[in-house]
Amino acid sequence: MNCTRRRLLGYAAAGAGLSLVPRAWTGTAAQAIEGCATQGAFTIPLAASGERVALGTETLALRATSHHDALAFVAGGVRNPALVAAAGMTASVDLVNALGEPTTVHWHGLSVDTRNDGNGEAPVAPGATYRYTFPIRNRSGLYWYHPHPHGATARQVNRGLFGTFEVEDDDELALRRALPVVVGETQLTLVLTDRRTGDGDRYAPAPEDELLGWYGCVPHVNGILRPYHDVARTAYRLRILNASNARTYRLAFRDDAGNAMPFHLAGTDGGLLEQAVRCDEVLLSPAERADLVVDFAGLAQGRYVTFETRAFAPMQDVPRAAIDAVHAHAPVTSSLPDGAPFDLMQFRVRGAAGRPVSMPQRLARLPPIATSDEDRPLRLGFAKGRWRINDRVYDMDTTAIDVPTGAAETWLLRNYHTSAPHAMHLHGFQFRVVARETSPEQVVSMAVDDRGRLPTDLGLKDTVLVWPGESVRIAIDFRTPYPDAQVYLVHCHNLEHEDAGMMLRVRVG
Ligand code: C2O
Ligand code: CU
């Protein structure tokens, strides 16, 4: 299967819809913001996203700690470890809260019960320890962990409190053998965040940040500004996590002749696709993951490839009154809006000619999509100064959505026209995207099937971006192994939207 190659409207060209947005990308003006630049030299070598720490039979102590403004989870001296677990095992992790404030660990994408979901409704007090123990029910994939104390999630994640969580199973090991790739050498995890420069990088959101989301102006990969990495002339598997508070990336590769370099999408949030999809680009909204295979075999020694995010229209068409209200405050400096193009990192091709990649025909099997006759509507919009789902905001004492035991449900995520893109995340379950309807042109042009789906819609998902004016239908299998009812959350993963209450409780069972 191929992604279409139709060009999207450039960010600047798409400016007509941006009249209500306070700052539009204009290139030169944006470059003038001190220290902010969408391009620059690649001078620092890439580092690993985190040292790998395999979970075993013993409980892992994970300390949430702070050092000045920076926060980290530390396990036996390893900062923000890249946790690795085998499918079927039982994970046991002690959160030791050495912060001066409450926190939790949410295992993003993993199928756990409420007790182990770290959803913020029972925060772990400073000085306290909480044991998470749960069987690994998910397929192989790149999941992640981060705090979820309501109202403080955005700040704690932004200050560095998160890590990746890999699940391994037979499909995963088979793919590594087939490509072949070696973890840490030709298989890399790349975590995307955006930062601000100078004092602006301390997390102190202005009203505009709280309304639209916190956007930086310099992109980081594994915590490094525009790193480079020497690569051999062979296939690389790049597992990407978008850990940014609010920024969406339109990821692509560009060779040194300026040509787009196609790649394969092998997996999404919940693991491998059935078949890899050949793509020129993928969209990755906050919390989403993409599993990419890029082949450097065809490039001569000494050439280089830039990993970039291309321009797109941010479509933050929030009501005039809300914009006027934030304009009454000092403007945010050291920030570039969603959709600004950035060079993220550079791959430098080294060494002797290698073998081109042979992508296996079938990567994995996905469970069949089970839909219901009736949709459950979730309307996403802005009213009375807040982002809302079905006109409601989060209330710990109210369960907005009740799902009967074992139901298969179809949810219709409908975003209003006067809105912003919302990266909708459901705890505890992976879902399937059934269709996208009334999508904006820049999304339509990336669709790969007659249901309007994007390449990243073809696998298991726990987070899906819904654009203004768009409806996304998702199918969720709510069967659980738990004897009693469990409470989960559905929310926008733009962390400022989430902390401001764009979140509802979901009771299952
Ligand atoms: Cu990654 Cu409720 O979040
Ligand atoms: Cu949102």
Side-chain angles (χ1 to χ4, degrees), residues 73 103-112 114 116-123 138 141-154 156-158 161-165 191 193 205 209-215 241-248 269-270 284-289 314-318 322 338 378-383 385-390 392-394 396 413-416 418-431 461-468 470 472 487-506:
F73 287 117
T103 192
T104 68
V105 182
H106 168 56
W107 309 96
H108 183 119
L110 295 181
S111 304
V112 297
T114 306
N116 289 292
D117 192 41
N119 67 14
E121 297 194 345
N138 291 70
L142 181 68
Y143 305 90
W144 64 304
Y145 60 95
H146 64 76
H148 216 296
H150 187 55
T153 300
Q156 292 190 1
V157 173
N158 186 278
L161 214 48
F162 62 84
T164 58
F165 192 110
V191 177
T193 53
D209 300 320
E210 284 172 342
L211 176 66
L212 301 177
W214 191 96
Y215 293 92
L241 160 67
N242 181 359
S244 312
N245 280 45
R247 185 173 299 280
T248 290
D269 303 343
L284 205 69
S285 68
E288 281 189 293
R289 285 87 69 207
M315 300 189 72
Q316 289 166 328
D317 298 327
V318 294
D338 212 9
L378 271 76
R379 297 182 315 275
L380 317 177
F382 187 88
R386 318 263 306 256
W387 294 109
R388 292 163 189 270
I389 304 172
N390 288 347
R392 311 167 79 141
V393 292
Y394 176 61
M396 215 183 272
L413 309 173
R414 281 186 60 185
N415 201 349
Y416 285 99
T418 304
S419 189
H422 297 294
M424 299 306 296
H425 168 52
L426 174 66
H427 285 212
F429 299 86
Q430 293 285 329
F431 54 79
K461 297 291 296 166
D462 54 56
T463 307
V464 66
L465 186 62
V466 188
W467 293 81
E470 189 179 40
V472 180
V487 171
Y488 297 98
L489 299 173
V490 60
H491 63 84
C492 179
H493 220 288
N494 174 318
L495 296 179
E496 284 70 31
H497 293 185
E498 171 187 344
D499 271 346
M502 192 177 184
M503 178 158 85
L504 297 180
R505 300 177 100 226
V506 181

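From a predicted model like this one, the values you see are computed outputs, not experimental measurements. Both ligands and their constituent atoms are indexed starting at 1 by order of listing.
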Going by chain and residue number, what protein N/O/S atoms come nearer than 2.8 Å to the Cu ion (ligand 2)?
-> His422 ND1, Cys492 SG, His497 ND1
Relative to the ring of His108, is the ring of His425 parallel (under 30°), tilted (30 to 60°) or perpendicular (over 60°)?
-> parallel
Asn245 and Glu496: side-chain donor and acceptor closer than 3.5 Å?
-> yes
Please tell me if the side chains of Arg247 and Pro286 come closer than 4.5 Å, counting only heavy atoms from C-beta onward.
-> no
Among Thr164, Asn242, Asp462, find the one that has a side-chain hydrogen bond (donor to acceptor under 3.5 Å, both in side chains) with Arg289.
-> Asp462
Between His497 and His491: side-chain donor-acceptor atoms closer than 3.5 Å | no
Assign the ring pair His106 / His146 to parallel, tilted or perpendicular, where the plane angle (0 to 90°) is split at 30° and 60°.
-> perpendicular
Within the 2.8 Å cut-off the protein N, O or S neighbours of atom 2 (Cu) of ligand 1 are His148 NE2, His427 NE2, His491 NE2
Got more than 12 heavy atoms from elsewhere within 6.0 Å of CZ, Arg414?
-> no
Gap separating the CG atom of Leu212 from the CD atom of Gln316, nearest 0.5 angstrom | 4.5 Å
Could you check whether the rings of His422 and Trp387 sit parallel, tilted or perpendicular, using 30° and 60° as the cut-offs?
-> perpendicular
